[in-house]
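Report on one structure; see the data block that follows.
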2 protein chains.
Amino acid sequence: MAGRITSVEVARRAGVSRSAVSRCFTPGASIADDTRKRVMDAAKALGYRPNAIARSLIAGRSRMIAVVVAYLENQFYPDLLARLADELQARGYHLLLFTGPSDGNSDALFAQILAYQVDGIVLASTSLSSALADECNAAGIPVVLINRTNDRAGVSSVTADNRNGARALADFLLAAGHRRFGYVAGSAGSSTNQDRETAFRERLAERGVTEVLREDGLYSQAGAAEAARRLLGRADRPDAVFCANDHMAIAVMDTARHELGLRVPEDVSIVGYDDVGPARWPSYALTSVEQPVGTMVDLAVAALLDRIEGREAAARIARVPGELVVRASARRPEHGVVRVDGRDVWRP
Amino acid sequence: MAGRITSVEVARRAGVSRSAVSRCFTPGASIADDTRKRVMDAAKALGYRPNAIARSLIAGRSRMIAVVVAYLENQFYPDLLARLADELQARGYHLLLFTGPSDGNSDALFAQILAYQVDGIVLASTSLSSALADECNAAGIPVVLINRTNDRAGVSSVTADNRNGARALADFLLAAGHRRFGYVAGSAGSSTNQDRETAFRERLAERGVTEVLREDGLYSQAGAAEAARRLLGRADRPDAVFCANDHMAIAVMDTARHELGLRVPEDVSIVGYDDVGPARWPSYALTSVEQPVGTMVDLAVAALLDRIEGREAAARIARVPGELVVRASARRPEHGVVRVDGRDVWRP
DNA sequence: ATCCTCTTTGCACTCGTGTGCAACGCAGCA
DNA sequence: TGCTGCGTTGCACACGAGTGCAAAGAGGAT
C-alpha cells in the first residue's frame, strides 16, 4: 500500500514503454543493453519489484508449491520441511504450508490449495494423503508423496526402502540372539507402517520365527507409551522391540526404563526407524535405520519440477536405501557391524 | 492447465452475468437468493473455485503471511510453526514459509517476500530479524517478531517474559542452595539471550552472587556440548548451569552425564528455558521456564491481523509470562514448589 | 394509475504484468 | 540508392476477478 511502484512508473522515469520494463525482468527477452541499463537504474531508484501475483496470473504459473504436513512433533518432519524450503527457494519456487486438518475434513484444505493455483503439491504423511493426492492429480496438479505411497497411477512418491530396512533390522536382531519380538505400529493406514511391519514379519518367518507381539502406537508418543506398557508389562514380554519410527521408539525406551524399571538393552533391545536427531542423543543412542532426508527431498523436488516444467510427464516412484546405524539401544551382534564414515553400521 | 474453469463459464451456464458470480463468492454482496442458488449449482457442477491469485491482484491483499524461521531442529520452532499455520488457516490466511538464509544474504529473501505481496510477516528468530524487520516495516508491511524484540518503532513483537523467567530461575537455584553458577549463552545478538542472561546475573547480584561463568553455545547442540566441556571440565566447575534454551540444555545434560561422568542433579543442576517436548521426556526431566507457544501465537496473529485489517495501526509489544516447571534435572528447594494442574511449579 | 423506494443486475473499468504482432531503425550488401 | 534482414520497441490484448454506477425490476403507498 502507500504508493506501490509499478512498471508504469519505472517506464515513465526511464523514458521507455512498459513493455520494455517487463522485458528487462524476463530472462531471454529481446532488449538493448543501454535500454536495460536505463530501466534497471530507474527500477533501483524507485525500489521497484515485479509483482509476483500479477505475473502468476498472466503466466498461469504461480511458482508456489503447496506442502501439507502433520506430526511436526516428530523431528523427521521439521527436518524435511527445512530442506524442502531451502531446495525450493534455491530453484525459485516458494512454499505454501498447510497443516493436515485435525477435523479430518480434506475438502476445505483441497479448496484452498486449488484456489492458490499452486504449481505442485508435496504431501508428507498426512492421514488424508491418498484422498488428497487423487483429487489433486485429477485436477491436473503434479503431486509427490513423501514417506507414503499410493497405488494410483499418476502420483509420484519418495519413500525409504522400508522393506529392506525392516528386513535388515530383523537380521540384526536375530544375529544378536533375540527370539521373542514385539512391534509397535504406526497408523494402520500408512503404507510405510505396512511395509515395515510386513517385511519385518516376513523376514523373521523366513528364519523360523512366526510370532511377533503387536501393539498400536499410532505414531504418537502417548500411544507408544501405552503400547510399551501393554507389551513390556506382560510376563512373557519380548526381548526385542521394533518401533515403526524413532519418535515412538524414544517413548518406548523412556517407558521401559523409567516406568517399568527395565534396562535397555540388557533386558530389552529397542530399535527404530528414521535416525532422527534425538536418536543420536547419548541418552537414547537408538539403533535405527536412517531415512536420508536430503536425498529424499532432492528426489521429490526433481520429480515435481520435471513434471511442472514439462521435462517429463510420467509419475516417478523412488525408494531410497538407508544404513542400519548401530548404537547402544539394542544388543550388538558379534559380527557384521563395521565402522563407516564415523558411524557403526550393519553390513552382514 | 487443461481447461481451468473461470467465472465466465459459470456465468454462462447459470445464465447470469459474470458480476453475479463474483458477488456470490463475496460475503455481504447484494444478490438474490434464487440467483445465488443457480450460480452455486453451476459452480458445483463445473467444479469452479475462485482464483485466489486474480482476487489478490484486484483486492490488493493476498491473504498470505510470510513466515521466516531458522533453527527448525529446536523443537520450539516446529511447535510454533504448526500453531501458526493452524491459526492463520482458521482465519482465512495462508502461510508462505521462508527459511533464514544460511548465506546471511537477507536482500534476496526480502525481494522474494515483497514480490509476493504478502499482507504481513512473522519473523521467528532468525539472525537477520532486525534488518529484515526494518526493511519490511519501511515497505509498509506489518511485521511481528516472535521470540525477539527490536527497539525500532513500528515493529510488533511477542516474547516470553524473559527477564522475570530468568529471575525466577536464579531464585529457584539459590533456594536449592547453589552458589557457583554457569551460563550457556545463545547467540550474542539475540535480544532473548541478552534478556535472560542480564536478568539472571542481576538477580544473583542482588542476592550477593557476582560471579557467573559464561560459555557460548550459539543456540546449537554442538556448540552447547563444547560449552559444557569447557564449563564442567574445569576444577572449580559450577554446580548449577542455566542454559539459554532447552535445546542446548539437553546437549549440556548429555555431555555432563555421558562424557564427563557427572550425575545430574547430584553433581550439577541444569535448567533451561522454553519447556519444549523433549524437556518432558523422562530421560531429561528438565526443569525449565515454559514459553507458552499457544498464547504467543495467538497474540502474534492478533497483532498482525489487527494491523492488516485496519483495526489498529499501532505496533504492539507483548511479553507473556510462563511458569517455572520443576522436574528432576535440578536440585529441588525445600519450599516453594507446588503442584498445579498436574505439574510441579515454582511459586515461592 | 402514478410515483417512489429498495433490491437486484449488468456494463465497464480496474488491478499489474506478459507477449504476439507489426512498425521502426540501422547496418550490410548489391 | 534501394533492398533485405535483424534486433528493438511500442501497441494492444489477455489473464481472472472485484466493484461503482446506473438501469431495470418489484413492490408498496397514495
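Nothing here was measured: the structure is a model prediction, and the numbers come from that model. In what follows, every chain begins at residue 1, and chains take the letters A, B, ... in the order their sequences are listed.
Across all strands shown, B:Ala32 has heavy atoms under 4.0 Å from sugar-phosphate atoms exclusively, and none from any base. Counting any heavy atom pair closer than 4.0 Å across all strands shown, A:Thr35 reaches sugar-phosphate atoms only and no base atom.
Here the side chain of A:Ser191 pairs a donor or acceptor atom with the backbone of A:Thr149 at under 3.5 angstrom. Panel note: side chain A:Arg316, backbone A:Ser157; no donor-acceptor pair is recorded below 3.5 Å. Although no hydrogens or angles enter the test, the distance criterion places a donor-acceptor pair under 3.5 Å between the side chain of A:Gln89 and the main chain of B:Thr99. The main-chain N or O of A:Glu312 is never found under 3.5 Å from a side-chain atom of A:Arg307 such that the two would form a donor-acceptor pair.
When rounded to the nearest whole Å, the span between CZ of B:Arg61 and P of D:dT19 equals 10 Å. One can place CD1 of A:Ile53 at 11 Å from P of C:dT17, the figure rounded to the nearest angstrom. One atom, CD1 of B:Ile58, and another, C1' of C:dA12, lie 12 Å apart when rounded to the nearest Å. For the pair B:Glu9 CD and D:dA17 C1', the computed distance is 13 Å after rounding to whole Å. For the pair B:Asn51 CG and D:dG16 C1', the computed distance is 6 Å after rounding to whole Å. Put simply, CG on B:Asp34 is 13 Å from C1' on D:dG25, counting in whole angstrom units. B:Arg38 places its CZ atom 12 Å from the C1' atom of C:dT8, with the value rounded to the nearest Å. Separating the CZ atom of B:Arg55 from the C1' atom of D:dT19 is a distance of 13 Å, rounded to the nearest angstrom.
Using a 4.5 Å heavy-atom threshold, the side chains of B:Ile53 and A:Met64 count as touching.
Ring geometry, B:Tyr219 versus B:Tyr71: the interplanar angle exceeds 60°, so the pair is classed perpendicular (tilted spans 30 to 60°).
Using modelled atom types, one finds no donor on one side chain facing an acceptor on the other under 3.5 Å when comparing A:Thr159 with A:Asn147.
Taking only side-chain nitrogens and oxygens, A:Ser7 comes nearer than 4.0 Å to OP1 or OP2 of C:dT17. Residue B:Tyr48 places at least one side-chain N or O under 4.0 Å from the OP1 or OP2 atom of D:dA17.
For the segment residues 11-31 of chain A, residues with any heavy atom less than 4.0 angstrom from an atom of DNA chain C are, sorted by number, A:Arg18, A:Ser19, A:Ser22, A:Arg23, A:Thr26.
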